[in-house]
Amino acid sequence: MKIFSKLILFAILSTVLSEDICNIFCDNRDPTQANGPIREPVEATTSSRRIVLRVSDQDNMAYGLITDGQPGDEIWIDRTFNGGLAWTNETHTGGTLIPNNSTQASTPLFNIDDPSTNRIGALRACASLAGQANTQTCTPWARSTVNAENKLDAAVTAMMMYYEAWRGLWKTVGWWNGANDMTCLIDYQILTGSRLYEFSINNTFELNKGLNEFGGYNFTSDSIDDSLWWGLAWVKAYDLTKDEKYLNMAAVIADYCYLFHDDVCGGGIWWSDRKQYKNAIPNEQYIKLSAQLHNRIPNDTKYLEQSVNLWRWFRNIGMINQENLINDGLHECRNNNGETWTYNQGVILGGLAELYLATGNQTYVDEAKKIADAVLRSPVLNDEYGVLWEPCFESEPDCGPNAPCFKGIFIRNLGELDRILDDKPYTPYILKQADSIYMKNRNALDQYGLFWSGPLDFPDASRQQSAVDTLLAAEMTSRK
Ligand SMILES: *[C@@H]1O[C@H](CO)[C@@H](O)[C@H](O)[C@H]1NC(C)=O
Ligand SMILES: *[C@@H]1O[C@H](CO)[C@@H](O)[C@H](O)[C@H]1NC(C)=O
Ligand SMILES: *[C@@H]1O[C@H](CO)[C@@H](O)[C@H](O)[C@H]1NC(C)=O
Ligand SMILES: *[C@@H]1O[C@H](CO)[C@@H](O)[C@H](O)[C@H]1NC(C)=O
Ligand SMILES: *[C@@H]1O[C@H](CO)[C@@H](O)[C@H](O)[C@H]1NC(C)=O
Ligand SMILES: *[C@@H]1O[C@H](CO)[C@@H](O)[C@H](O)[C@H]1NC(C)=O
Ligand SMILES: *[C@@H]1O[C@H](CO)[C@@H](O)[C@H](O)[C@H]1NC(C)=O
């Protein structure tokens with residue numbers, strides 16, 4: 001009977017503690033056993049109580065502490081594995097009451113990450129006051145410095161919190177945005193040599209190369225620009241791994257997209273397979289992708305010819321306005337005066353840099369510099385601090401699902417241009433953007449928001465990608 005009830009107790013406990021995780025140590029460890037220096041990266045106060053998360057970076061664990069409290073106050077830990085979108089809030093994990101003879105209490109130690117399932121975690125400490133179980137106060141989310149020792153690693157790790165390995169894409173953002181997360185993730189690996197998240201490249205490729213959610217195969221879909229983002233990502237994957245399957249896929253994507261090139265308006269690629277709009281982005285992407293393919297495929301002539309001719313058409317059709325900024329697209333084969341989105345000023349810079357590498361023709365560099373210089377002095381694309389500003393900041397409160405990617409795409413490509421120039425004229429601007437987002441647009445988990453001069457609105461995998469691209473560009477220039 002006794003044994004039986006012990007078994008029942010064990011069964012109940014193991015249900016409640018089914019999220020018990022073991023890494024260096026297992027969950028529910030005595031907090032006095034925490035090793036190494038203890039940091040308190042986040043705290044909160046309520047009714048004069050202080051609530052802190054105490055992190056042992058060495059153990060990759062943390063516990064919650066409440067001080068200046070009263071008997072019966074409860075402290076517990078919330079754990080998230082997707083950057084704070086969801087957490088185990090049915091139970092007060094490690095819930096501990098301040099005893100009658102004290103003013104403070106701490107939870108046990110809990111693991112932050114779960115390496116056995118590739119889950120990247122964050123913790124916060126929460127408390128409710130004696131007799132007020134329905135009201136709770138929590139610190140912000142925070143984590144250890146494991147895989148987050150410097151600002152770049154921390155930002156990449158925060159981006160990978162959203163990665164869903166089972167489908168190879170990022171929670172909070174859509175299909176094409178995922179290609180941009182993948183692109184900057186690969187740039188990060190090329191720069192740092194980190195192999196930490198390398199599995200995700202093959203994983204994303206294999207899980208998504210077949211039928212995708214838009215009914216296409218081989219990363220193509222009815223949106224030509226969406227297809228081309230993946231082409232650009234897989235070129236980077238080839239550069240990192242030298243695995244031909246990535247370069248072959250980039251060529252398959254390019255060939256599909258070139259089916260939507262025709263003579264309407266004298267040339268150019270349509271935005272979608274419905275062929276209703278010729279605009280800047282797919283043409284800029286194709287100029288870049290085809291030049292990249294040329295520079296990687298021995299004896300290619302086809303892609304170079306396409307790239308050179310498409311740029312000639314692009315330069316002459318009038319999408320580049322009097323100020324040397326690129327408007328969104330064409331209406332009746334003329335500049336439609338659409339928004340000058342930052343990414344439309346960006347992709348062409350990387351494309352022209354790649355064309356210069358292909359040909360040695362300095363004209364491409366000079367033409368790129370005109371566009372880059374126009375952005376840097378534009379009052380429409382910079383705020384009062386000289387920090388990049390997206391046209392949608394005023395028209396749409398959160399810039400919708402697409403535009404949060406744009407600024408990072410711009411900086412990524414500005415960096416690609418800057419690095420082929422002897423005098424590195426855009427380095428100061430790139431460093432300024434990186435400083436601004438780090439100082440003004442970041443939370444304790446190294447998540448970043450939309451507005452590069454702050455304040456942080458809310459994080460997601462596109463806002464994060466824009467930040468990672470910017471920190472990367474800054475790091476690349478300073479390593480030169
Ligand atoms: C404090 O003591 C009271 C009275 O003995 C008891 O009911 C209560 O559970 C105790 N509270 C705590 C937090 O131990
Ligand atoms: C956990 O918190 C989230 C966000 O507040 C809420 O949507 C969800 O319903 C909660 N889950 C439970 C089981 O309380
Ligand atoms: C509170 O009481 C417990 C149990 O009697 C005892 O172990 C502990 O040392 C006491 N703490 C303080 C701060 O007096
Ligand atoms: C990529 O994933 C596929 C399918 O899971 C596997 O067969 C292949 O070995 C992986 N390649 C690498 C380089 O890991
Ligand atoms: C995807 O690309 C490969 C070439 O790499 C081709 O053999 C295959 O037919 C393509 N799939 C579809 C559905 O078009
Ligand atoms: C490229 O062209 C050269 C010279 O014609 C030839 O020797 C070489 O085999 C070619 N390489 C490939 C990969 O076709
Ligand atoms: C260099 O490129 C420009 C187009 O941007 C072209 O007009 C010019 O003829 C090219 N020069 C050479 C030497 O090919």
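Keep in mind that what you see is a predicted model, and the values were worked out from it rather than measured.
In this structure, R463 forms no cation-pi arrangement with Y448, as its terminal cationic atom is not both closer than 6.0 Å to the ring centre and no more than 45° off the ring axis. Remark: R79 is not positioned above the aromatic ring of F110, lacking an NZ or CZ atom under 6.0 angstrom from the ring centre and at most 45 degrees off the axis. Both tests hold for K440 against Y385: distance to the six-membered ring centre under 6.0 Å, angle to the ring axis within 45°. Geometric assessment of K288 against the ring of Y286 yields a negative cation-pi assignment under the 6.0 Å and 45° thresholds. Within the cation-pi definition used here (under 6.0 Å to the ring centroid, within 45° of the axis), K151 qualifies as a partner of Y438.
With rounding to the nearest 0.5 Å, the separation of OH in Y188 from OG1 in T157 is 6.0 Å.
With sequence neighbours excluded, the residues that form a side-chain hydrogen bond (donor to acceptor under 3.5 Å, both in side chains) with E390 are T342. For R124, the side-chain hydrogen bond (donor to acceptor under 3.5 Å, both in side chains) partners at least two apart in sequence or on another chain are D78.
Ion pairing of K370 with D366 is absent here, as no side-chain N (NZ or NE/NH1/NH2) approaches a carboxylate O to less than 4.0 Å. Checked for salt-bridge contact, D262 and K278 meet the test: a charged N lies under 4.0 Å from a carboxylate O. Here D446 does not pair with R143 in a salt bridge; the nearest charged N to carboxylate O distance is not below 4.0 Å. Here E305 does not pair with K302 in a salt bridge; the nearest charged N to carboxylate O distance is not below 4.0 Å. A salt bridge between R296 and E244 is absent, with no side-chain N of the basic residue lying under 4.0 Å from a carboxylate O of the acidic one.
By the 30° and 60° cut-offs, the orientation of the rings of Y343 relative to W229 is parallel. Between W230 and W234, the angle of the ring planes stays under 30°, which puts this pair in the parallel group of the 30/60° scheme. Note on ring orientation: taking the six-membered ring where Trp is involved, the planes of F219 and F205 are tilted (angle from 30° to 60°).
Open room surrounds OH on Y217; 12 or fewer heavy atoms of other groups in view lie less than 6.0 Å from it.
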Please walk me through it: do I437 and V387 pass side chain to side chain contact (heavy atoms under 4.5 Å, CB included)?
CA-CA 9 Å; I437 59 171; V387 170; over 6 Å; no
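Within the 4.5 Å cutoff, the side chain of L169 has heavy atoms near those of the W175 side chain.
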